[in-house]
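The structure appears right after this line, and notes come after that.
Numbers restart at 1 for each chain; the letters A, B, ... are given by sequence-line order, proteins then strands. On a predicted model such as this, the values are computed, not experimentally measured, just so you know. Below, all heavy atoms of this structure are taken into account, side chains as well, without hydrogens, waters or symmetry copies.
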There are 2 protein chains.
Amino acid sequence: MSNIRDVAQLAGVSVATVSRALQQPDLVSLKTRTKVLSAVKQLGYKPNLMAVRFRSGKTRNLVVLVPTVANVFFARVISGMQQAAHDKGYSLLLCNTLADEAMEQSYARMVHTSQADGLIQLRAHNPFAQLEMKTGSVLPMVNACEVLDRIACPTVLLDNRSAACAMTEHLLQLGHKRIAMIKGPARSPLTRDRVAGYRDALDAAGVEFDESLLYPGDFTLQSGHKAASELLALAKPPTAIFCENDEMAIGAIQGIKQAGLSVPGDVSVAGFDDISFAAFSDPPLTTIAQPAEEFGSTAVSLLIDLLDGRLGKAPKVILPFDLIQRDSTGPAPAGSG
Amino acid sequence: MSNIRDVAQLAGVSVATVSRALQQPDLVSLKTRTKVLSAVKQLGYKPNLMAVRFRSGKTRNLVVLVPTVANVFFARVISGMQQAAHDKGYSLLLCNTLADEAMEQSYARMVHTSQADGLIQLRAHNPFAQLEMKTGSVLPMVNACEVLDRIACPTVLLDNRSAACAMTEHLLQLGHKRIAMIKGPARSPLTRDRVAGYRDALDAAGVEFDESLLYPGDFTLQSGHKAASELLALAKPPTAIFCENDEMAIGAIQGIKQAGLSVPGDVSVAGFDDISFAAFSDPPLTTIAQPAEEFGSTAVSLLIDLLDGRLGKAPKVILPFDLIQRDSTGPAPAGSG
DNA sequence: CTTATAAATGATATCGGTTACATTAATATA
DNA sequence: TATATTAATGTAACCGATATCATTTATAAG
């Protein structure tokens, strides 16, 4: 691989001129520029990016903390990030954190050790908390999908409260009164917001809130199955189950069927995310569609803007949702009220 | 961020000694080593990795070419890679290629421009073909999952032929004679191998091969749905459909149900991969389990071994499969023979 | 107590670019 | 034509760690 000195020699100019001809062509006369470019072409010269990064102090790497890389929704988010990052000359350092704080911190340190310029966190937890406390500096980060409430960093989120409210209203309109909710992990603000939206709708409709209809899940198919089975075993079981993601909804549908009941005849089920499998479950799932890829691309754009100092006060970008009505929700069974 | 000179100054030694104390502690006296380490700790010194990489000429980055990052199976593979790479101090540069050769080539060039040390390709195509032709050099690469037949690079694969044969035998044993196959993209060796295994089983059982029962898909839910619908419209429709991945199988099940038939009562369906959704489809899917994460971690290990010159002749690692029998396959309907 | 040998440490070139500063060439102004 | 101003190019320091080679210090052998 040839270097800038080879090019300079072949073109008969100094290395500085070569560098300028490539970086700031305006500063170089047309004649010299032509000579340089032809030498570059002849040698097939490509700047050594490690040298550039070392010199500039910019790695052009972004750390991405993902709770579960293999999750369908996150996979789409990552796909969107990847595209945006590549377009802007950045690379992603993917980290499967399993929502473990110690692991998040360890990965986050890469921003400190000159391995990455910034970080995108897809979970509601600040991986820099300790580091910033110790050093007193604020590190570049963007929070997306599951976001922290009070954090002074750019954020990309859905209006989870409104989305959950919309879905609950949809179920109420179908005549359901006992609407269960299979939640995500208890501590997550995302879960809290969706529960809040759920209660907003109940309150507006004058339906009493029943704590026992709130069941904690962990976003896996298994947890949806287990939750539905246990909810149906209640003295007064729900006629509709709203799940905080599609995996749990699909798991719930299986649980309901195994209990000998039908969806939506006996129990309606709604999901969240609109993953590709949602349209292919039996029955096809009513759900909230999220622009997953856009979460990713927006987060990357924000982070790069932040790194380039193009961002004023930390913006909160709210992406739109869409209620997709399919066949897993239907009228409440007669006499269920 | 402090650098090696700061440490040297604080410890009262030369920079060379600091470097040695950290890299080759044996060469440094215990006394000096202690001084250095305490200075390191006091300053919170971490070597600037960009400098290290620049100096060493090793990026510790690996390019990964994935047809579709958002595919459930590949997401698991990536997860396995990520883990293995991190354990060995490497980072992954994920590339969503959409199976586009031009894009693969463009990403592959990163290995040439000192952005990455090697490449993992998850598709049956050599992205270095042109580059190697031009430069005459062989670039470090590992091929996994969908592999090229005749390529002199380390390879991680499943014995697709045997796996397909095993599944076809399973269907034959259930009394099926008309077994359709929803294939992957025609050009893929993977598809070819699985079709070969399918024919092996048919031949062994003395069942005649029928070209019209082979339907080309593209590994998406939609294509499975379409394929099943069309296969059922044949004059002599199949009583079993073997799909080359679980997504297509789940799509096929929906297509079959929409045609008013039952699974497995009228038509048995088998998949491939054993993604998490397989156990939650209705009915739960009989499928071939692949060790997806192991594909990823093995590929990474092989590539790093290759880079470190620890690999002799390019090995072919064959990972085991497992036939998971669930409820989507059952006895052929009476009188179907 | 020398001298030979090994161990420990230091000074410095190096990797491949970028950039501040110095210098030279070209153009404009008086 | 002489001088001021701008444009174009060159020189060399620099980023931070590593590694070679030289030098000093410690240990062993005679």
Of A16(A) and L30(A), whose nearest nucleotide on DNA chain D comes first from the 5' end?
-> L30(A)
Name the nucleic acid region contacted by D6(B), choosing base, sugar-phosphate or nothing; use a 4.0 angstrom heavy-atom cut-off, strictly under.
-> nothing
Nearest whole angstrom, please: distance from the P of dA17(D) to the CD1 of I4(B).
-> 5 Å
Would you say the side chain of R33(A) and the base of dA8(D) hold a donor-acceptor pair, judged only by whether the two atoms sit under 3.5 Å apart?
-> no
Determine the interplanar angle of the F54(A) and F54(B) rings, folded into 0 to 90°, and report it as parallel if under 30°, tilted if 30 to 60°, perpendicular if over 60°.
-> parallel
Under 4.0 Å between a side-chain N or O of S19(A) and OP1 or OP2 of dT18(C)?
-> yes
Phosphate OP1/OP2 of dT9(C) contacted by S29(B) side-chain N/O (<4.0 Å) = yes
Does a nitrogen or oxygen in the side chain of S56(B) sit under 4.0 Å from OP1 or OP2 of dA17(D)?
-> no
Send over the distance from N3(B) CG to dC14(D) C1', rounded to a whole Å.
-> 12 Å
Could you verify whether a donor N or O on one side chain and an acceptor N or O on the other, from D273(A) and Q290(A), lie under 3.5 Å apart?
-> yes
Taking R33(B) for the side chain and V28(B) for the main chain, is one N or O donor matched with an acceptor at less than 3.5 Å?
-> yes
Using only side-chain N and O atoms of Q23(B), determine if any of them is under 4.0 Å from OP1 or OP2 of dA17(D).
-> no
Nearest to side-chain heavy atoms of R5(B), which nucleotide of dA17(D), dT9(D), dG17(C) = dA17(D)
Is a side-chain donor or acceptor of S301(B) paired with a backbone partner of S297(B) at a separation under 3.5 angstrom?
-> yes
Among dT19(C), dA17(D), dT18(C), the nucleotide that comes nearest once only the side chain of Q24(A) is considered = dT19(C)
Of the candidate nucleotides dT9(D), dG16(D), dT18(C), which contains the atom at the shortest distance from the side chain of R20(A)?
-> dT9(D)
From dG10(C), dA17(D), dC15(D), pick the nucleotide closest to the side chain of F54(A)?
-> dC15(D)
Is any side-chain nitrogen or oxygen of N48(A) closer than 4.0 Å to OP1 or OP2 of dG16(C)?
-> no
Out of dT18(D), dT9(C), dT11(D), which nucleotide sits closest to the side chain of V28(B)?
-> dT9(C)
Quick note, T32(A) side chain, CB onward, closest among dT9(C), dT9(D), dC15(C) is dT9(D)
Take the angle between the ring planes of F73(B) and F295(B) and call it parallel below 30°, perpendicular above 60°, tilted in between.
-> perpendicular
Would you say a side-chain N or O of S14(B) is under 4.0 Å from OP1 or OP2 of dA11(C)?
-> no
Protein-nucleotide distance (K58(B), atom NZ; dC15(C), atom C1'), rounded to Å | 14 Å
Specify the separation, in whole Å, of atom CG of D26(A) and atom P of dT9(D).
-> 13 Å
Among V69(A), I78(A), L94(A), which residue meets the side chain to side chain contact (heavy atoms under 4.5 Å, CB included) test with V69(B)?
-> I78(A)
Whole Å only: how far is the OH atom of Y45(A) from the P atom of dG17(C)?
-> 3 Å
Select base, sugar-phosphate, or nothing to describe what V13(A) touches, counting heavy atoms under 4.0 Å on all strands.
-> sugar-phosphate
Taken to the nearest whole Å, NZ/K35(A) to C1'/dA8(D) is 11 Å
Please report, rounded to the nearest Å, how far the P atom of dA7(D) is from the NZ atom of K31(A).
-> 18 Å
Spacing between L27(B) atom CG and dT20(D) atom P, to the nearest angstrom = 12 Å
Among dG10(C), dT18(D), dG16(C), which nucleotide sits nearest the side chain of R55(A)?
-> dG16(C)
